[in-house]
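Report on one structure; see the data block that follows.
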Amino acid sequence: MKQLPRLALLTLTLGLLAACSTPTRQAPVIDRPVQSAHHPVKPAAPAPAPAAASEESKPDARGSYTVRKGDTLLRIALDHGQNYRDIVTWNNLADPDDIKVGQVLRVSPPDRVAGVQTNPVQMPEKAGQTPSRKVVPKRQETNVAEAVKPDRNEKAENVASGPAPGTIVTANDDERLSWMWPANGKIVATFDDGKNKGIDIAGRAGQQVMAAGAGKVMYAGSGIRGYGNLVIVKHSNTLLSAYAHNRAIVVKEGDTVSKGQVIAEMGDTDADSVKLHFEIRQQGKPVDPTRFLPSR
């Protein structure tokens, strides 16, 4: 009888030990953000907007140009197909060499948009009224009729190939202009809008450089960096030609030249070899000269 309590005690002890050896499983814990009704979670702030474009990146108004670092009046005039003296007049500049970064210049005539010619509106005539004579607009001070007006001694074929004397040249007359090669020689560099704004013709020092078309000398000098001794001839309201790196210049500003007239001697000013750098610009933008020159 004494063994029964011992067996019961042993059985209870074994049961407790078995219970203690059973592994416990804990409930999984998941972290969840606590949202309060009074303090809702704010959405992520949007990325900041890109900075506004600077004033320099804004496009210039039509007929105007904002001076940038490194600009010269001569370069601005060349890039817009204008005579630098006209830009001086239009902007009342006391000193052409004193232009400042950020200064806004007018680069087209004040009374009209460059390259556009307006005609007066004809009013209907009243009954019994004598018809009025047609009014011919006066020649503008800066028109290019003088630029394409041939010399009196020019050959008849040159006169026939260009616009009639005394008329205002328009963009449509560009096709009537007659062109020739400005120099004989091998083309050593072709037109590339990104790298070369014209063509380079190799030659010998002192070789004749001729006007590629009839026009008026709007610049003769060495004031544009990279061009050396330069001659610029204006042929119409929209077309001009440039002749760079000359050894000597034999014309002056304001001279009227005919096609084939000698205007300079080939050289190597601001160049690594003797050559003629020749450009044609249309409304100030460089274009491939071979589009205008005859094939050879």
Do [X] and [Y] touch side chain to side chain, with heavy atoms closer than 4.5 Å?
{"X": "L105", "Y": "L73", "value": "yes"}
{"X": "Q103", "Y": "L93", "value": "yes"}
{"X": "Y227", "Y": "L78", "value": "yes"}
{"X": "H80", "Y": "S108", "value": "no"}

Self-check item: Salt bridge flag under 4.0 Å for residues D193 and K285
Solution: no
Quiz item: For the atom pair CD1 (I187) and OG1 (T290), what is the distance rounded to the nearest 0.5 Å?
Solution: 7.5 Å
Quiz item: CG/L177 to CD1/I280 distance, rounded to the nearest 0.5 angstrom?
Solution: 10.0 Å
Got a sec, which residues hit side chain to side chain donor-acceptor pair (under 3.5 Å) with [X], two or more places apart in sequence or on another chain?
{"X": "D71", "result": "Y65"}
{"X": "K195", "result": "none"}
{"X": "D268", "result": "none"}

Quiz item: Checking side chain to side chain contact (heavy atoms under 4.5 Å, CB included) for the pair I99/N91: CA distance, chi angles, key distance, verdict?
Solution: CA-CA 11 Å; I99 56 174; N91 294 276; over 6 Å; no
Using a 3.5 Å cut-off and no angle test, enumerate the donor-acceptor pairs between side-chain atoms of residues 240-255 and protein atoms at least two apart in sequence or in another chain.
unit_1	atom_1	unit_2	atom_2	d
S241	OG	H235	NE2	2.7
S241	OG	Y243	OH	2.8
Y243	OH	A212	N	2.8
H245	ND1	T269	O	2.8
N246	ND2	N229	O	2.9
N246	ND2	Y243	O	2.9
R247	NE	E265	OE1	3.4
R247	NH2	E265	OE1	2.9
K252	NZ	D255	OD1	3.2
E253	OE1	R85	NE	2.8
E253	OE1	R85	NH2	3.1
E253	OE2	Y84	OH	3.4
D255	OD2	K252	N	3.0

Quiz item: What residues form a ring-ring contact (aromatic ring centres under 6.0 Å, His included) with F191, not counting sequence neighbours?
Solution: none
Minimum heavy-atom distance [X]-[Y], with the two atoms named:
{"X": "A202", "Y": "V188", "result": "CB-CG1, 3.7 Å"}
{"X": "N83", "Y": "A77", "result": "C-CB, 4.2 Å"}
{"X": "S258", "Y": "A211", "result": "O-CB, 3.7 Å"}
{"X": "F292", "Y": "Q282", "result": "CZ-OE1, 4.5 Å"}
{"X": "R204", "Y": "V274", "result": "C-CG1, 3.5 Å"}

Quiz item: Considering residues at least two apart in sequence or located in another chain, which fulfil the salt bridge (Lys or Arg N to Asp or Glu O under 4.0 Å) criterion with D200?
Solution: K275
Exercise. Please name all residues satisfying salt bridge (Lys or Arg N to Asp or Glu O under 4.0 Å) with D98, sequence neighbours left out, ordered by chain then number.
Key: K100
Quiz prompt | From CA spacing to verdict: side chain to side chain contact (heavy atoms under 4.5 Å, CB included), I263, V257 | solution = CA-CA 8 Å; I263 59 175; V257 295; 4.2 Å; yes
Self-check item: side chain to side chain contact (heavy atoms under 4.5 Å, CB included) evaluation trace for K234 with Q82
Solution: CA-CA 9 Å; K234 192 161 189 176; Q82 301 292 354; 3.7 Å; yes
Quiz item: Which of these, N196, D270, I199, I201, sits in a side chain to side chain contact (heavy atoms under 4.5 Å, CB included) with H277?
Solution: N196
Quiz item: Among pairs that include at least one residue of residues 237-246, which meet salt bridge (charged side-chain N to carboxylate O under 4.0 Å, His left out), considering only residues two or more places apart or in two chains?
Solution: none
Quiz item: Do any pairs count as a side chain to side chain donor-acceptor pair (under 3.5 Å) and have a residue in residues 181-192, sequence neighbours left out, and if so which ones?
Solution: none
Self-check item: Trace of the side chain to side chain contact (heavy atoms under 4.5 Å, CB included) decision for R281 with K197
Solution: CA-CA 9 Å; R281 297 202 175 207; K197 297 180 180 179; 3.6 Å; yes
Quiz item: Quick check: are there more than 12 heavy atoms from other residues, nucleotides or ligands sitting under 6.0 Å from CZ of R296?
Solution: yes
Exercise. Report the residues that fulfil side-chain contact (heavy atoms from CB on, under 4.5 Å) with A183, sequence neighbours left out, ordered by chain and then residue number.
Key: Q207, M266, L276
